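None of the values given here were measured: they were computed from a predicted structure. Each ligand, and each atom within it, is numbered from 1 in the order the structure gives.
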Amino acid sequence: MSLAESWDRYAVGSKPRRTANAKGDTTWLNWTQYADHGPDETVLGPVAGRRVLELGSGSGSNLAHLVALGATGVGVDVAPTRETVARERWGDLPGLEFRTAEATAFLNETDETFDVALSIFGAVWFVDPDTLLPLIRSRMVPGGILAFSHLPPGSRGPKPAKAGLRHDRTPDEWRRSLTEHGFSDVSVSLIDPPEGRAAGTMLVRAMAP
Ligand SMILES: C[S@@+](CC[C@H](N)C(=O)[O-])C[C@H]1O[C@@H](n2cnc3c(N)ncnc32)[C@H](O)[C@@H]1O
């Protein structure tokens, strides 16, 4: 089974996002796996007028929120089903595009540069950082912001058959790896889970050189 097929299979089990969150907002950004939990898009700094890339954009709802705030964005996901679902839900939003592509292939081929790159339980978790980080860096403007989230190391979570291993990193390993690849101002935070839930979320932010 190809990478695209295994992630397409995984996509079948994903629930569509609600049409409004607890505050009544119709778009929002969620870094964690829990509803109405964790920090919002301000982690990325101001996004209005910025060009944003999301790697492993899934159903597109997080990127759609940034575009609703005035960014323009490209969401890249290896699973074709994800592009279909994202377009159905968000296709009317101007300045928002979705592409079916593997993250490293997209970064190798594009000639665009981005002010912001994000990945929420997405490709940054599933591709070897020594392969992906130089590619991300090469497509970011100086001072651009890279932020991504995933489960803390050792947690149980998505690992579709044959889709490749997760690249779990401890906070120190991410700091070292990002710094080695030229990123600065690296911050890693561990977001506690809501009461009664076991797994927290690791949120990483860094600045491109
Ligand atoms: C756990 S899901 C998270 C989806 C979305 N970011 C969210 O928060 O709902 C992981 C997503 O990353 C995509 N993905 C995994 N590896 C990828 C890669 N190498 N290139 C592009 N997309 C990838 C999968 O198809 C899937 O949609």
Side-chain angles (χ1 to χ4, degrees), residues 1-19 21 27-41 43-44 52-67 73-90 96-110 112 114 116-136 139 146-152 155-169 191 193 199-204:
M1 201 190 308
S2 70
L3 188 69
E5 282 166 341
S6 30
W7 277 112
D8 243 357
R9 227 173 236 206
Y10 175 82
V12 173
S14 308
K15 280 199 214 139
R17 185 183 268 197
R18 300 162 297 162
T19 50
N21 66 8
T27 67
W28 66 94
L29 188 139
N30 190 353
W31 295 103
T32 79
Q33 65 272 50
Y34 306 112
D36 305 303
H37 178 70
D40 62 15
E41 73 285 345
V43 167
L44 299 169
V52 179
L53 172 66
E54 184 170 1
L55 296 170
S57 46
S59 60
S61 300
N62 289 311
L63 185 59
H65 177 61
L66 302 178
V67 171
V74 186
V76 173
D77 200 292
V78 71
T81 306
R82 296 295 206 168
E83 181 177 337
T84 309
V85 169
R87 279 181 195 273
E88 271 168 18
R89 178 96 181 248
W90 303 112
L96 177 56
E97 298 160 59
F98 294 103
R99 308 256 180 87
T100 298
E102 196 283 316
T104 56
F106 173 84
L107 288 161
N108 268 313
E109 280 158 25
T110 187
E112 275 206 75
F114 298 91
V116 172
L118 75 156
S119 188
I120 299 180
F121 289 67
V124 171
W125 199 20
F126 297 105
V127 179
D128 184 346
D130 288 332
T131 302
L132 194 59
L133 291 178
L135 285 172
I136 294 176
R139 302 312 328 160
L146 166 65
F148 54 90
S149 60
H150 58 68
L151 292 176
S155 315
R156 294 177 65 175
K159 199 192 272 185
K162 294 200 181 164
L165 294 175
R166 284 170 12 189
H167 287 271
D168 282 354
R169 289 283 187 280
I191 304 163
T201 306
M202 189 183 289
L203 175 61
V204 183

Atom indices of ligand 1, in the order listed, that fall short of 4.0 Å to a heavy atom of [X]:
| X | value |
| --- | --- |
| Val127 | 19 (N) |
| Glu102 | 18 (C), 19 (N), 20 (N) |
| Phe121 | 1 (C), 2 (S), 3 (C), 10 (C) |
| Ala123 | 17 (C), 18 (C), 20 (N) |

query: Quick one: does ligand 1 sit under 4.0 Å from the side chain of Tyr10, the backbone, both or neither, non-hydrogen atoms only?
result: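 Within the 4.0 Å criterion, Tyr10 contacts ligand 1 through side-chain atoms alone.
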
Any idea which of [options] brings a heavy atom closest to [atom]?
| atom | options | value |
| --- | --- | --- |
| atom 26 (C) of ligand 1 | Leu63, Asp77, Leu29, Thr100 | Asp77 |
| atom 15 (C) of ligand 1 | Trp31, Trp7, Phe106 | Trp7 |
| atom 21 (C) of ligand 1 | Asp8, Leu3, Ile120, Val78 | Val78 |
| atom 5 (C) of ligand 1 | Ser14, Gly56, Gly122 | Gly56 |

What are the two closest heavy atoms between [X] and [Y], and how far apart are they?
| X | Y | result |
| --- | --- | --- |
| Arg169 | Met202 | O-CE, 3.4 Å |
| Ser119 | Val124 | OG-N, 3.2 Å |
| Trp31 | Thr201 | O-CG2, 3.6 Å |
| Pro134 | Pro129 | CD-O, 3.6 Å |
| Leu63 | Gly75 | CD2-N, 3.3 Å |

message: Looking at ligand 1, is there an atom of it that comes within less than 4.0 Å of some heavy atom belonging to Ala101?
response: yes

- request: Give a yes/no verdict on whether any heavy atom in Leu55 is under 4.0 Å from an atom of ligand 1.
  value: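 In this structure, Leu55 fails to qualify as a contact of ligand 1 - no heavy atom is under 4.0 Å.
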
task: Using distance alone, determine whether Ser57 and ligand 1 share an N or O pair under 3.5 Å.
output: no

- request: Determine yes or no for a side-chain-to-main-chain donor-acceptor pair under 3.5 angstrom, with Arg82 supplying the side chain and Phe98 the backbone.
  value: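 A pair under 3.5 Å: no.
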
- request: May I have the step-by-step check of side-chain hydrogen bond (donor to acceptor under 3.5 Å, both in side chains) for Ser57 and Asp77, ending in yes or no?
  value: CA-CA 6 Å; Ser57 46; Asp77 200 292; 4.7 Å; no

message: Between Arg9 and Glu5 (salt bridge meaning N to carboxylate O under 4.0 Å), is one present in this structure?
response: no

